[in-house]
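Notes follow the structure.
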Amino acid sequence: MEIAEHEKQIFEKAGVRFNIASPKQLGEVLFDKLQLDPKAKKTKTGQYQTGEDVLLALALKSDIVQDILNFRQLQKLKSTYVDALPQLLNNKSQRVHTCFNQAVASTGRLSSTNPNLQNIPIKTERGREVRKAFVARDENHVIVAADYSQIELRLVAEISGDPAMREAFIQGLDIHTATAAKVYGVQLDDVTSDMRRNAKAVNFGIIYGQSAFGLSQNLGIPRREAAEIIEQYFIQYPGIKSYMNNTIAFAQENGYVETLLKRRRYLRDINSQNATIRGFAERNGINAPIQGSAADMIKIAMIHIHNDIKEKGLKGKMTMQVHDELVFDVPKDEVEDFKELIEFRMKNAIKTEVPIVVEIGIGKNWLEAH
DNA sequence: TCTCTCACG
DNA sequence: ACGTACGTGAGAGAC
């Protein structure tokens, strides 16, 4: 088996047998025995850090690193999904039935347990094989998957009112390309893939309150370059800068922030004397209205879709929610009805000035439906 | 039971 | 001088 092959390679290259799944043992092999990094960082409990980003930085020094990363990826897929999911099949239905928790996440998102169906793999080739296992109930049904496109950035544009970002969405531009053109001061047609990649990282980082340091780490660029990108970003999108300042000021005054539908997140540390602790509260404050408004929107859509299905006497079912996506199991002859009502309800859940875009796919399994 | 790591949005 | 990107859940190891 492939995992065993990587294990064998790792033992040969390390010159010692050990438990690769133990971060403690792995750290000692990499940094004490093999001395791959004399300045290796440790966790607060004194172990060496061996996370993916740390290992990737070591990849040039030893080819053991790639084996470890492959071993980790395959082990994760096997233990968390391939071995675990069949155990959770319900006897009667022969299906997995997740539990959606409505009062866990502090932003208003749902969470999912037993099993968690909100973290089914999609990013890697091997992971996508797992997603293929989620199939329609029979040959007469299909999976319908409906995704909000760039929902959090659209809500940043909506909530902040930033003219340039709103305009980009109104014109139907690719937001990362549009951002790259602005930040680098070039025409849309002259945006390179590197420029777009950097702009995409900034767009996401902004939603989380990322610093120049964080962006430089993420992109592997000098901190000064990251700082310049962020500076240009706020010059081009001044409304986003003021959203961030205004939101923090509101939180300092009121002790909470709120979403479009007035869901509150309280921030007890927003006025802390400790800059690190205060920083966490500030980033929570910037992010919560965005993430939480997206959660409000999809929840409203879910209620309307549920009512529509009932009123129209449709047989298809809404089966899953994954933060910006809804998944349905639908009889083939109801597909057109479903597509129409899903798109309408998702687009119009909350009245916005920024256009909301929904992408709908169909397939015999969840992967195909994307 | 806690820590580390990693799967997703 | 300091730490440095938000929200989750689960498996494995260590204690």
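So you know, we letter chains A, B, ... as the sequences are listed, proteins then strands, and number each from 1.
Within a 6.0 Å sphere centred on CZ of A:Arg126, heavy atoms belonging to other residues, nucleotides or ligands number 12 at most. Heavy-atom contacts from other residues, nucleotides or ligands closer than 6.0 Å to CD of A:Gln35 number more than 12. The environment of A:Gln102 atom CD is sparse: at most 12 non-hydrogen atoms of other residues, nucleotides or ligands sit within 6.0 angstrom. Heavy atoms of other residues, nucleotides or ligands lying less than 6.0 angstrom from CD of A:Glu12 number more than 12. Remark: A:Arg17 CZ is loosely packed, at most 12 non-hydrogen atoms of other residues, nucleotides or ligands lying under 6.0 Å away. By the 6.0 Å contact criterion, NZ on A:Lys200 is open, its count of non-hydrogen atoms from other residues, nucleotides or ligands being 12 or less.
Taking the six-membered ring where tryptophan is involved, the planes of A:Tyr256 and A:Phe250 are perpendicular, since the angle between them exceeds 60° and thus also 30°.
Partners of A:Arg265 under the salt bridge (Lys or Arg N to Asp or Glu O under 4.0 Å) rule, at least two apart in sequence or in another chain, do not exist in this structure.
Here A:Glu325 lies out of heavy-atom contact (under 4.0 Å) with every strand. Among the atoms of the strands shown, none is found under 4.0 Å from any heavy atom of A:Leu117. Looking at heavy-atom distances under 4.0 Å, A:Gln49 makes contact with sugar-phosphate atoms alone, never a base.
When the C1' atom of B:dC6 is taken as reference, atom CG of A:Leu74 falls 13 Å away, rounded to whole Å. Rounded to whole angstrom, the span from the OH atom of A:Tyr48 across to the C1' atom of C:dG13 amounts to 19 Å. Remark: C1' of B:dT5 and CG of A:Leu30 are 14 Å apart, rounded to the nearest angstrom. Rounded to whole Å, atom P of C:dG11 lies 15 Å from atom CD1 of A:Ile3. When rounded to the nearest whole Å, the span between CZ of A:Phe204 and P of C:dT4 equals 22 Å. As a whole-Å value, the separation of A:Phe71 CZ from C:dG11 P is 17 Å. Across the protein-nucleic acid pair, A:Phe213 atom CZ and C:dA5 atom P stand 7 Å apart, rounded to whole Å. In this entry the distance linking CD1 of A:Ile230 with P of C:dT4 reads 16 Å, nearest Å.
Remark: aromatic rings of A:Phe204 and A:His176 are close, center separation under 6.0 Å.
Here the side chain of A:Ala21 is nearest to one of C:dA12, C:dT4, B:dC4, namely C:dA12. Listed nucleotides: C:dG13, C:dA5, B:dC8. Nearest to the side chain of A:Lys123: B:dC8.
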Tell me, with the steps shown, if A:Asp32 and A:Tyr48 meet side-chain hydrogen bond (donor to acceptor under 3.5 Å, both in side chains). CA-CA 10 Å; A:Asp32 287 337; A:Tyr48 290 110; 2.6 Å; yes
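Nucleotides B:dG9 and C:dT4 have their P atoms positioned 25 Å apart, rounded to a whole Å. Nucleotides C:dG3 and B:dC6 have their C1' atoms positioned 23 Å apart, rounded to a whole Å.
The shortest distance between the side-chain N/O atoms of A:Arg72 and the OP1/OP2 oxygens of B:dT5 is not below 4.0 Å. For A:Thr50, a side-chain nitrogen or oxygen approaches OP1 or OP2 of B:dT5 to under 4.0 Å. In this structure, A:Gln25 reaches the C:dA14 phosphate: one of its side-chain N or O atoms is under 4.0 Å from OP1 or OP2.
In secondary-structure terms, DNA chain C builds stems of at least 3 consecutive Watson-Crick or G-U pairs, each pair having both distances under 3.5 Å, at B:1-9 with C:6-14.
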What's touching nucleotides 6-10 of chain C from the protein side, N or O pairs under 3.5 Å?
{"from": "C:dC6", "atom 1": "OP1", "to": "A:Arg283", "atom 2": "NE", "distance (Å)": "3.0"}
{"from": "C:dC6", "atom 1": "OP1", "to": "A:Arg283", "atom 2": "NH2", "distance (Å)": "3.3"}
{"from": "C:dC6", "atom 1": "O3'", "to": "A:Asn284", "atom 2": "ND2", "distance (Å)": "2.7"}
{"from": "C:dC6", "atom 1": "O2", "to": "A:Gln291", "atom 2": "NE2", "distance (Å)": "3.2"}
{"from": "C:dG7", "atom 1": "OP1", "to": "A:Arg265", "atom 2": "NH1", "distance (Å)": "2.9"}
{"from": "C:dG7", "atom 1": "OP1", "to": "A:Arg265", "atom 2": "NH2", "distance (Å)": "2.8"}
{"from": "C:dG7", "atom 1": "OP1", "to": "A:Asn284", "atom 2": "ND2", "distance (Å)": "2.7"}
{"from": "C:dG7", "atom 1": "O4'", "to": "A:Gln291", "atom 2": "OE1", "distance (Å)": "3.2"}
{"from": "C:dG7", "atom 1": "O4'", "to": "A:Gln291", "atom 2": "NE2", "distance (Å)": "3.2"}
{"from": "C:dG7", "atom 1": "N3", "to": "A:Arg109", "atom 2": "NH1", "distance (Å)": "3.4"}
{"from": "C:dT8", "atom 1": "OP1", "to": "A:Ser106", "atom 2": "N", "distance (Å)": "2.9"}
{"from": "C:dT8", "atom 1": "OP1", "to": "A:Ser106", "atom 2": "OG", "distance (Å)": "3.3"}
{"from": "C:dG9", "atom 1": "OP1", "to": "A:Ser111", "atom 2": "OG", "distance (Å)": "2.6"}
{"from": "C:dG9", "atom 1": "O4'", "to": "A:Asn116", "atom 2": "ND2", "distance (Å)": "2.9"}
{"from": "C:dA10", "atom 1": "OP1", "to": "A:Asn114", "atom 2": "N", "distance (Å)": "2.9"}

